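Worksheet: one structure, shown below.
Since we're looking at a predicted model, the values are computed, not measured.
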Amino acid sequence: LAQLGPSVSLILGQRYYSGQHVPQDYPEAADLFRRAADQGVLGAQYNYGICCRDGTGVPQDDREAARLFRCAANKGHAGAQCELG
């Protein structure tokens, strides 16, 4: 999995998060979202922010969630903008 591109990491993370075609695995999903978020993928920043906000697959961290939502919101992600109010 280390060689996946950021967009593939996002898609695979979504699969692990939902359990679609793979066993549901929140820690794996969060790790994949984080990898893609670190490379600037908006959807991954939002999804990893949700994981951090809710403590799904990672320790709950409101500060990190807010940072991720701000990054995605500043680039126009509507869901992240809603999270910020």
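Between the side chain of D54 and the backbone N or O of T56 there is no donor-acceptor pair closer than 3.5 Å.
Rounding to the nearest 0.5 Å gives a distance of 12.5 Å between CG of L12 and OG of S7. A distance of 8.0 Å separates CZ of F69 from SG of C52, quoted to the nearest 0.5 Å. Within the model, atoms CD of Q39 and CD of Q45 stand 11.0 Å from one another, a figure rounded to the nearest 0.5 Å. Rounded to the nearest 0.5 Å, atoms CG (N47) and CG (L42) are 11.0 Å apart.
If you run side-chain hydrogen bond (donor to acceptor under 3.5 Å, both in side chains) between R53 and each of E64, E83, Q60, only E83 comes through.
Residue A73 comes nearest to A80 through the heavy atom pair N-CB, 3.6 Å, listed as atom of the first residue, atom of the second, then distance. Minimum heavy-atom separation, A36 to P6: CB-O, 3.3 Å.
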> Between Y16 and D31, does a side-chain contact (heavy atoms from CB on, under 4.5 Å) hold up when you go through it step by step?
Replying inline: CA-CA 10 Å; Y16 277 110; D31 184 58; over 6 Å; no
>> For a side-chain contact (heavy atoms from CB on, under 4.5 Å) check, start with the C-alpha distance between Y17 and L32, then their side-chain angles and the critical distance, and finish with the verdict.
In response: CA-CA 10 Å; Y17 191 90; L32 288 161; over 6 Å; no
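When side chains are defined from C-beta on, D25 counts as touching P27, because their heavy atoms get closer than 4.5 Å. Contact check for F33 versus Y46: no side-chain heavy atoms found under the 4.5 Å cut-off. When side chains are defined from C-beta on, R67 counts as touching C71, because their heavy atoms get closer than 4.5 Å.
Connection of I50 to Y26 is established within a shared hydrophobic cluster, with ILVMFWY side chains joined at heavy-atom distances below 4.5 Å, either directly or through further cluster members. Tracing side-chain contacts under 4.5 Å through hydrophobic residues (I, L, V, M, F, W, Y), one reaches V41 starting from L68; they form part of the same cluster.
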